[in-house]
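Some notes on the structure that comes next.
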Protein chains: 2
Amino acid sequence: MPERKSKSARVTLVDVARKSGFSPSTVSIVLSEAPLSRYVAAQTKERIRKTAQLLGYRPDIFARSLRSRHSHTVGVLVFDISDPYCVLILQGIEKTLLPTPYLPILMDAHHDQKQFEGYLDLLMERRVEGLIVVANWLFDEGGLLVGLKEKKMPIVVVGRDVTEKQIGSVTVDNEAGGYEAMKHLYELGHRKIAVIRGPAKLNDSQLRWNGMQRFAAEQGLQLDPRRVRQLSDALDPVTGFEGGVQLTEELIRSRLKFTALVAFDDLTALGAVRGLARSGRTAPQDCSIIGFDDVPLAALTTPGLTTIRQPMDEMGSLATQRVLDVLQEVGEGREVTPDLQLLPPSLVLRDSTSRVG
Amino acid sequence: MPERKSKSARVTLVDVARKSGFSPSTVSIVLSEAPLSRYVAAQTKERIRKTAQLLGYRPDIFARSLRSRHSHTVGVLVFDISDPYCVLILQGIEKTLLPTPYLPILMDAHHDQKQFEGYLDLLMERRVEGLIVVANWLFDEGGLLVGLKEKKMPIVVVGRDVTEKQIGSVTVDNEAGGYEAMKHLYELGHRKIAVIRGPAKLNDSQLRWNGMQRFAAEQGLQLDPRRVRQLSDALDPVTGFEGGVQLTEELIRSRLKFTALVAFDDLTALGAVRGLARSGRTAPQDCSIIGFDDVPLAALTTPGLTTIRQPMDEMGSLATQRVLDVLQEVGEGREVTPDLQLLPPSLVLRDSTSRVG
DNA sequence: TTGTATGCGTTATCAC
DNA sequence: GTGATAACGCATACAA
């Protein structure tokens, strides 16, 4: 005796075929809207759809994937989901994927290269058809490169420029952001401006610094190197906060006057606010502070943080679109053009900066 | 001619069988560590594993799922991933799932009941074997109930008590939290204490309030109703912040003195800090403020927010464990015992509260 | 335009 | 202890 057929109310294509009086293939063609369905009589389609609905037919996704070799999923690999920077990007990704038949499979690497590779592997095993990597913070993308070379899979990295490794990337224009930050403080009358740069390993940091220097050069503004500090190459983004606190305290102790401070990112900026407070100072009265990113919490602190905004949702959206473009042309074997999409930052005015007193 | 066999370097079970000289069944039994593999000779196992490794065999997850009826996934439905409250819970879930063969499929409903239902549907279609719902904020769990009744699937809700609907739940002990918050302020010498309660629809809010009243009653402390406000039933958690700002300003305008304030949650508390600042007041000098949750950003503001901590990672972990327990006993048809797991909150001391001046 | 037959890669059920 | 064989549910080449 074969296994009981009615083990559960599971409705299959064959059931729909029987009930509707058509063959399984016709039913399949109609219900999966295959190209051939163009030649199926409208009436037939109608009848098939009706009975499918009636029986409550749900295609078995595993059978379908097994046969068609499509998983209809894209992997999303993020380096630390607890970094508020990521979340908006994720929302951009999700929003863009929602109207498509693709499902995001989200994995969080927790800053761990090993886990990153493990999840990458897992995603491959799950046969994701595309990959979006949200590369906040430090990250050796060697492993990724291998993945790209081995598989012909559309891959886009958001948050870091890895075009040199022939991987499509979406980032904010960090140089322009640095420029804008410095410009804003300058226009408020600040001339003695301290800078807390990001970790040396982080290319973003260099680019933002370049932008600041460019502005300074244009205006003949001197950026005293003694007012410039740099975060250590630690792995945890929360160290941005701790680093901000410490370096700000150092700056204060150095007795070198500064009326404003450009922080590497928002967390560092919040650290700077704290550092100031430790010496009884407040922003912006005693020192203006500007951040970078515009993470959600920048609006929730007091004072609200003036910052250079990355259009994070848009970045997520764009990266996703890039992957989808390749996927939807069913261009098996095509690659994402490995170029850099550079999005403009924007100044978000809140209360942590003010005209020099 | 059948389709080309060597379309790609895809290695199947049959390949391993041929190469190793055993039958596909034996290979399957060994590689999937089925119960029967206990009876397979150690040598055989060894040889099979070797050749599998050698050929770089990866089991096809879709074929496997099709045949075995196991997806090895659990759905995680969260109501708003941008709510920092969620993220720690998610990490708890992920951490607990990591060493198991189960993969979380995360979906974000964006506060939208319709999307919630859509994703629920999608998860069912993907044949998740269990479901964890992270129910931050308002949410009519009617739809969920249906899902539970229809399918025999382990479901746990974290963040809200829905045991009345026979659904397993994990929450913090809100009543105890409210008690602790009030106790802390009282012990610092505060007697004129304002309260911003949560939305009326939110049961958490009532429980916390009960706790505060219990403490007050025990100490013979009067909680003047004129110092008690309530957030509106808006849908967006960010309104907690806006609400905190506005209600605090209202309290100040009422000219009724208060030296401390219990906020419904951390975001509300940050709103209160802002509201205070709008009138030139600061915490804790002019008014102590205590929050609830201990979201990550509570540590990053200045002053750091004193708050009642929910053990969010643990809550996620526990909920996951609950689902896994059912799953791993392969107890098809068993249900999660629909009881409530109540976790103790804890006081986190930072700088937003101080002894009454 | 629709039906028939076959196979996707795996696991389960039996024999041996 | 191991192997042959039959599904799992669907999609496609080809025949009609």
Practice task
For B:F62 and for A:R38, find the nucleotide of DNA chain C with the closest heavy atom, then tell me which residue's nucleotide is more 5'.
Solution key: A:R38
Problem - Along DNA chain C (nearest heavy atom to each residue), the more 5'-positioned of B:Y57 and B:L36 - result: B:Y57
Problem - Among C:dG9, C:dT11, D:dA4, the nucleotide that comes nearest once only the side chain of B:D60 is considered - result: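 Output: C:dG9.
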Handout entry: Carboxylate-amine/guanidinium proximity below 4.0 Å for B:R58 and A:D121
Key =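 Looking at B:R58 and A:D121, the cut-off is met.
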Handout entry: A:D15 with A:R18: basic N within carboxylate O range, under 4.0 Å
Key =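 Salt bridge between A:D15 and A:R18, a charged N being under 4.0 Å from a carboxylate O: yes.
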With a 3.5 Å cut-off and heavy atoms only, can you find an N or O donor on one side and an acceptor on the other between the side chain of [X] and the base of [N]?
| X | N | result |
| --- | --- | --- |
| B:S25 | D:dA4 | yes |
| B:T12 | C:dT10 | no |
| A:R67 | C:dG7 | yes |

OP1 or OP2 of [N] less than 4.0 angstrom from a side-chain nitrogen or oxygen of [X], does that happen here?
| X | N | answer |
| --- | --- | --- |
| B:R69 | C:dT10 | no |
| B:R64 | C:dG9 | no |
| B:T26 | D:dT2 | no |
| A:S28 | D:dA11 | yes |

Contact class for [X] vs. all strands (heavy atom < 4.0 Å): base, sugar-phosphate, or nothing?
| X | value |
| --- | --- |
| A:P24 | nothing |
| A:L66 | base |
| B:S32 | sugar-phosphate |

Exercise for the section: Ignoring hydrogens and angles, state whether a donor on the side chain of B:T171 or B:S169 is under 3.5 Å from an acceptor on the partner side chain. Expected result: no
Practice task
List for me each residue that meets ring pair (Phe, Tyr, Trp, His ring centres under 6.0 Å) alongside B:Y102, sequence neighbours excluded, and say none if there are none.
Solution key: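 For B:Y102 the ring pair (Phe, Tyr, Trp, His ring centres under 6.0 Å) partners, ignoring immediate neighbours, are B:H72.
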Handout entry: 5' priority, DNA chain D, between B:V27 and A:I29 [closest heavy atom]
Key =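 Between the two, 5'-proximity favours B:V27.
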Handout entry: Flag side-chain contact, heavy atom, 4.5 Å: A:Q91 against B:D80
Key = yes
Practice task
Mind listing the residues from residues 40-53 of chain A sitting with a heavy atom below 4.0 Å of DNA chain C? Number order is fine.
Solution key: A:V40, A:A41, A:T44
